[in-house]
Amino acid sequence: MFAIYNKGNVGFRSTADNLYELKNLEAPNEARLKPDDDTLFQNYLDNEEKNKKQSNNQAQNEAVKAYEKMANLDTLEEVYQVQDLMTKNIIYIDSNATLNEAYELLKDKQVSHIPIVSFGKKIVGLIDKKLILNYLIEDLDNSKDILQRKLEDFYLPEVITADPSADIRSVCKVMLDFKLGAIPIVNEEDIIVGIVSKTDIIKAVSHLPKLQLWS
């Protein structure tokens with residue numbers, strides 16, 4: 001499940017497929033049939049009917065095997081959720097902080113992205129050095145004043161988030177297709193509980209040989 005926040009307000013919360021549709025971006029082709037596809041269940045029922053004359057145990061085994069084959073399910077594949085890989089010790093900044101404080105925090109902690117939160121760690125936005133530079137370029141003559149402005153006074157781009165139980169493969173696809181360097185992980189109460197970046201994924205790939213990023 002993914003969500004889009006605009007200055008703390010949820011404008012969207014749904015599946016990855018609906019996210020692509022909302023953004024008019026073509027989703028990657030699925031490499032497997034969806035288990036909830038009506039045709040799969042019909043084929044499953046047809047297979048049971050075909051094997052009705054066989055013993056109950058044998059018919060059941062054949063039906064299960066047929067279903068698994070049609071759905072292209074790998075029963076040995078371990079599916080990772082984003083909460084298994086995300087950074088849980090989050091570095092974040094309050095929306096009342098200044099733009100200069102955000103820059104100093106980025107530089108001091110040597111991170112590429114910092115979530116912006118309001119009271120109670122509720123997600124408001126995501127800031128990086130590129131965004132700070134864009135704010136300064138808009139009015140170079142008043143750069144010192146701009147650096148002292150509070151983050152909540154800026155127009156913050158909407159931020160795409162994922163919930164902790166999201167499949168890491170879906171998260172990777174969204175990051176790649178939407179050109180995102182990081183995705184905040186937010187629970188149902190809009191509270192940030194982690195963040196996953198390209199660095200987190202690279203580390204996971206190197207430490208988890210069985211990790212599959214593409215279904």
Side-chain angles (χ1 to χ4, degrees), residues 1-16 18-28 82 86-163 166 170-187 189-203:
M1 192 73 70
F2 294 84
I4 297 178
Y5 289 81
N6 194 330
K7 298 206 75 171
N9 297 317
V10 183
F12 168 91
R13 181 177 276 125
S14 190
T15 63
N18 289 332
L19 177 63
Y20 281 99
E21 184 177 346
L22 177 70
K23 292 296 185 179
N24 296 319
L25 186 66
E26 184 177 353
V82 71
M86 69 183 186
T87 297
K88 298 178 181 179
N89 296 324
I90 323 157
I91 298 170
Y92 58 88
I93 191 166
D94 193 272
S95 58
N96 284 319
T98 65
L99 188 65
N100 186 64
E101 289 173 326
Y103 172 75
E104 292 296 336
L105 189 59
L106 281 163
K107 184 172 65 172
D108 180 57
K109 299 299 183 180
Q110 297 183 345
V111 293
S112 56
H113 301 78
I114 294 181
I116 303 171
V117 301
S118 61
F119 179 77
K121 291 176 63 176
K122 293 194 173 184
I123 189 72
V124 173
L126 193 66
I127 195 164
D128 57 18
K129 291 181 180 178
K130 182 179 179 180
L131 183 58
I132 293 175
L133 181 60
N134 288 340
Y135 289 141
L136 294 175
I137 289 176
E138 290 178 358
D139 191 358
L140 287 174
D141 293 334
N142 297 302
S143 58
K144 290 184 178 180
D145 292 335
I146 292 175
L147 285 170
Q148 298 307 314
R149 287 175 56 187
K150 293 182 178 181
L151 295 175
E152 62 185 9
D153 295 331
F154 289 94
Y155 170 76
L156 297 172
E158 62 184 18
V159 56
I160 296 176
T161 71
D163 67 48
S170 296
V171 173
C172 287
K173 286 179 181 179
V174 168
M175 290 179 67
L176 179 64
D177 294 326
F178 288 90
K179 297 178 174 61
L180 304 175
I183 289 187
I185 310 304
V186 178
N187 64 19
E189 287 75 41
D190 306 324
I191 297 173
I192 186 167
V193 294
I195 189 169
V196 63
S197 66
K198 292 178 179 178
T199 301
D200 293 320
I201 294 171
I202 292 173
K203 287 181 180 178

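Hydrogens, waters and symmetry mates are skipped; everything else that's a heavy atom, side chains included, is used. When a residue number appears, it is its place in the shown sequence, counting from 1.
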Item to check | Y135, OH: over 12 other non-hydrogen atoms inside 6.0 angstrom | outcome: yes

Next on the checklist: To the closest 0.5 Å, what do you measure between CG (D108) and CD (Q110)?
Outcome noted: 8.0 Å

Checklist entry - Measuring from L99:CG to I132:CD1, what's the distance to the nearest 0.5 Å? => result 5.0 Å

Checklist outcome for this item: Between Y5 and N187, the two heavy atoms sitting closest are OH-O, 4.4 Å

Next on the checklist: Checking side chain to side chain contact (heavy atoms under 4.5 Å, CB included) between I116 and each of I192, V124, D94, which is the one that passes?
Outcome noted: V124

Item to check | Any L105 side-chain heavy atom under 4.5 Å of K109 side chain | outcome: yes

Checklist entry - E189 and K122: which non-hydrogen atoms are nearest, and at how many Å? => result O-CE, 3.5 Å

Item to check | Spatial distance of atom CG (N142) from atom CG (L136) [nearest 0.5 Å] | outcome: 11.0 Å

Item to check | Closest non-hydrogen atom pair between A102 and I127, with its separation | outcome: CB-CD1, 4.2 Å

Checklist entry - Does atom CZ of F12 have more than 12 heavy-atom neighbours, drawn from other residues, nucleotides or ligands, at distances under 6.0 Å? => result yes

Checklist entry - Any side-chain heavy-atom pair from N6 and I4 closer than 4.5 angstrom? => result no

Checklist entry - Under 4.5 Å between any side-chain heavy atoms of S197 and T87, yes or no? => result no

Checklist outcome for this item: Minimal heavy-atom distance between M175 and K198, with the atoms involved, is CE-N, 3.8 Å

Checklist entry - Out of curiosity, K150 NZ to N100 CG, how far, rounded to the nearest 0.5 Å? => result 14.5 Å

Checklist entry - Going through the distances and angles, do R13 and D190 end up as a side-chain contact (heavy atoms from CB on, under 4.5 Å)? => result CA-CA 11 Å; R13 181 177 276 125; D190 306 324; 3.0 Å; yes

Next on the checklist: Side chains of N18 and F2, heavy atoms from C-beta outward: is any pair under 4.5 Å?
Outcome noted: no

Checklist entry - How close do S118 and S95 get, heavy atom to heavy atom, and via which atoms? => result CA-OG, 4.1 Å

Item to check | side-chain contact (heavy atoms from CB on, under 4.5 Å) between I90 and I185, worked out | outcome: CA-CA 10 Å; I90 323 157; I185 310 304; over 6 Å; no

Checklist entry - Roughly how far, to the nearest 0.5 Å, is NE2 of H113 from NZ of K129? => result 11.5 Å

Item to check | Closest heavy-atom pair and its distance - C172, I201 | outcome: SG-CD1, 3.5 Å

Next on the checklist: Could you go through F154 and L131, starting from their C-alpha distance and side-chain angles, then the distance that decides it, and tell me whether this counts as side-chain contact (heavy atoms from CB on, under 4.5 Å)?
Outcome noted: CA-CA 11 Å; F154 289 94; L131 183 58; over 6 Å; no

Item to check | Given V117, T98, L106, L151, the one that forms side chain to side chain contact (heavy atoms under 4.5 Å, CB included) with I93 | outcome: L151

Next on the checklist: Here's a test for you: under side chain to side chain contact (heavy atoms under 4.5 Å, CB included), which of V193, T161, I195, I191 qualifies with V186?
Outcome noted: T161

